[in-house]
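Next up is a structure, given as structure tokens.
We use all heavy atoms of the structure for the numbers below, so side chains are in, but hydrogens, waters and symmetry mates are not. Numbers here simply count residues along the sequence, with the first being 1.
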Amino acid sequence: IDTISAVPQNLSFQEVEGIDMAMSWSTDSAFGVWVLKASATHTLTYDDQFTDQDPTRDVIDESSIPEWKANFTANWFLDNWSATRFVTYLGEMNGIFKGDWEDAGVEVEDDKVDDQWRVNLSGSYELNETWTFQIGVNNLTDEGPNEDPTDNGWPEYNRSYYDAIGREYYGRITMRF
């Protein structure tokens with residue numbers, strides 16, 4: 001063999017359909033400016049075709065994508081002070097290897113990954129045009145990654161949606177020049 005030529009080919013097909021929603025509201029009051037925002041995604045279908053010879057099928061009930069995802073933000077501003085509360089929601093989903101276990105004929109008693117809420121808080125003070133001080137906490141309630149009961153290998157959670165970092169405190173000093 002003198003040469004091997006391998007050309008990548010995209011033979012499969014995936015298409016996801018859903019509804020994206022977003023809204024925002026703000027008001028200026030004696031207690032400062034309040035800005036509220038919410039957004040959500042609801043996945044309706046997840047069509048999949050492994051090769052161009054295979055039929056296209058809706059695999060939403062078999063896939064490991066959440067049908068619901070959402071973000072909620074509340075911002076407050078008063079003079080040089082500001083605060084933010086950021087909440088994320090990740091809906092219940094199938095375990096990443098649900099289909100593999102089913103194809104192997106293995107009965108899995110619980111094949112769902114629980115839904116999860118995460119809360120981040122931060123506050124800042126702008127001393128002047130040059131200096132800003134900020135403190136915050138990510139994952140206030142210290143939610144760990146939800147265990148995937150279909151994944152018996154390490155780390156036993158879907159890294160596409162979760163990370164292993166628990167509660168995290170931070171401080172930041174910004175100097176603009």
The single option from Q14, E62, E67 passing side-chain hydrogen bond (donor to acceptor under 3.5 Å, both in side chains) against Y46: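 For Y46, the side-chain hydrogen bond (donor to acceptor under 3.5 Å, both in side chains) test succeeds with only one of Q14, E62, E67, which is Q14.
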
List in chain and number order the residues that pass side-chain contact (heavy atoms from CB on, under 4.5 Å) with E15, two or more places apart in sequence or in another chain; answer none if no residue qualifies.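 E15: side-chain contact (heavy atoms from CB on, under 4.5 Å) contacts with F13, E17, D47.
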
Would W117 and L121 show up in the same hydrophobic cluster when neighbours are defined by side-chain heavy atoms closer than 4.5 Å?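 Yes, same cluster.
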
Do Y89 and V87 have side-chain heavy atoms sitting under 4.5 Å apart?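 No. Closest side-chain heavy atoms not under 4.5 Å.
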
From E147 atom CD to N158 atom CG, the distance as rounded to the nearest 0.5 Å: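 Separation between the atoms: 13.0 Å.
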
Should I19 and V16 be regarded as members of a common hydrophobic cluster, given that ILVMFWY residues are connected when their side-chain heavy atoms come within less than 4.5 Å of each other, either directly or indirectly?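 Hydrophobic grouping puts I19 apart from V16.
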
Under 4.5 Å side-chain linkage, directly or through intermediates, the cluster mates of L36: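 Other cluster members: W25.
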
Non-neighbouring partners of N75 that pass side-chain contact (heavy atoms from CB on, under 4.5 Å), sequence neighbours left out: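 V35, T73, F77, T84.
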
Just verifying a value: how many Å separate S82 OG and Y125 OH, rounded to the nearest 0.5 Å?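 S82 OG to Y125 OH: 11.5 Å, rounded to 0.5 Å.
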
Are more than 12 heavy atoms from other residues, nucleotides or ligands located less than 6.0 Å from atom CE of M23?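 Check fails, neighbour count at 12 or below.
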
Tell me, do P149 and V113 make a side-chain contact under 4.5 Å, heavy atoms counted?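 Yes; the side chains approach each other to less than 4.5 Å.
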
Measuring from T132:OG1 to E126:CD, what's the distance to the nearest 0.5 Å?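 If we round to the nearest 0.5 Å, T132:OG1 and E126:CD are 4.5 Å apart.
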
Tell me every residue that passes side chain to side chain donor-acceptor pair (under 3.5 Å) with N71, counting only those two or more places apart in sequence or in another chain.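 Not a single residue meets the side chain to side chain donor-acceptor pair (under 3.5 Å) criterion with N71.
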
Any side-chain heavy atom of I60 sitting closer than 4.5 Å to one from T45?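 The answer is no; the side chains never approach within 4.5 Å.
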
Members besides F86 in its Ile/Leu/Val/Met/Phe/Trp/Tyr cluster (side-chain heavy atoms under 4.5 Å):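 Once heavy-atom contacts under 4.5 Å are chained together, F86 still belongs with nothing else.
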
Cluster question for you: counting only ILVMFWY and a side-chain heavy-atom cut-off of under 4.5 Å, with indirect links fine, are I173 and F177 together?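 I173 and F177: one cluster.
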
Counting only heavy atoms from other residues, nucleotides and ligands, does the tally under 6.0 Å from CG of L78 exceed 12?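 Counting other residues, nucleotides and ligands, CG of L78 exceeds 12 neighbours.
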
Suppose we screen for salt bridge (charged side-chain N to carboxylate O under 4.0 Å, His left out). Which residues come up paired with D48, at least two apart in sequence or across chains?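 Once residues adjacent in sequence are excluded, D48 has no partner under the salt bridge (charged side-chain N to carboxylate O under 4.0 Å, His left out) criterion.
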
By side-chain contact (heavy atoms from CB on, under 4.5 Å) - contacts of T141 (at least two apart):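 Residues passing side-chain contact (heavy atoms from CB on, under 4.5 Å) with T141: N139, E143.
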
Heavy-atom closest contact (G144 atom, Q116 atom, distance):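 Closest pair (atom of G144, atom of Q116, distance): O-NE2, 2.6 Å.
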
Backbone of D114 reached by a side-chain donor or acceptor of N146 within 3.5 Å: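 Pair found, side chain donor or acceptor close to backbone of D114.
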
Within this structure, what is the CG-CH2 distance for the pair D28 and W34, rounded to the nearest 0.5 Å?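 Answer rounded to 0.5 Å: 12.0 Å.
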
Please list, chain by chain and in numerical order, all residues satisfying side-chain contact (heavy atoms from CB on, under 4.5 Å) with L90, sequence neighbours excluded.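 Residues passing side-chain contact (heavy atoms from CB on, under 4.5 Å) with L90: P66, K69, M93, Y161, Y162.
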
For Y170, is the OH atom crowded, meaning more than 12 foreign heavy atoms sit under 6.0 Å from it?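 Atom OH in Y170 is crowded, with more than 12 foreign heavy atoms closer than 6.0 Å.
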
Do F31 and V33 share a hydrophobic cluster (ILVMFWY, side-chain heavy atoms under 4.5 Å, transitive)?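 Result: no, two separate clusters.
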
Between H42 and W68, is any pair of side-chain heavy atoms under 4.5 Å apart?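 Yes, at least one pair of side-chain atoms sits under 4.5 Å.
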
Ignoring hydrogens and angles, tell me if any N or O in the side chain of D79 forms a donor-acceptor pair with the backbone of W81 under 3.5 Å.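 Not a single qualifying donor-acceptor pair exists.
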
Fellow cluster residues of I1, listed by chain then number, with links counted only when side-chain atoms sit under 4.5 Å apart: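 For the cluster that includes I1, the remaining residues are I4.
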
Mark yes when over 12 heavy atoms from residues, nucleotides or ligands other than K37 sit less than 6.0 Å from its NZ; otherwise mark no.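 At most 12 heavy atoms, drawn from other residues, nucleotides or ligands, come within 6.0 Å of this atom.
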
Once rounded to the nearest 0.5 Å, what's the spacing between atom CZ of R159 and atom CG of D148?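 Between atom CZ of R159 and atom CG of D148 there are 11.5 Å.
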
Qualifying residues under salt bridge (charged side-chain N to carboxylate O under 4.0 Å, His left out), relative to D20, sequence neighbours excluded: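 D20 satisfies salt bridge (charged side-chain N to carboxylate O under 4.0 Å, His left out) with no other residue.
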
Donor-acceptor pair, distance only, cut-off 3.5 Å: does the side chain of D142 make one with the backbone of R167?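 Looks like yes, one N/O pair under 3.5 Å.
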
Any chance you could lay out the side-chain hydrogen bond (donor to acceptor under 3.5 Å, both in side chains) test for R172 and S124, step after step, and finish with the verdict? CA-CA 9 Å; R172 181 179 299 136; S124 66; over 6 Å; no

Is it the case that more than 12 heavy atoms not belonging to R85 sit under 6.0 Å from its CZ atom?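 No.
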
Are more than 12 heavy atoms, taken from residues, nucleotides or ligands other than R57, located less than 6.0 Å from that residue's CZ atom?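 Incorrect, the count does not exceed 12.
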
Do M175 and F133 belong together in a cluster built from hydrophobic side chains that touch within less than 4.5 Å?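 Same hydrophobic cluster.
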
Qualifying residues under ring pair (Phe, Tyr, Trp, His ring centres under 6.0 Å), relative to F50, sequence neighbours excluded: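 None.
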
Test ring pair (Phe, Tyr, Trp, His ring centres under 6.0 Å) applied to W131 - qualifying residues, sequence neighbours left out: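 Checked W131 against ring pair (Phe, Tyr, Trp, His ring centres under 6.0 Å); zero matches.
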
With no hydrogens and no angle check, is any side-chain donor or acceptor of N94 less than 3.5 Å from a backbone partner on D61?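 Yes, N94 side chain to D61 backbone: donor-acceptor pair under 3.5 Å.
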
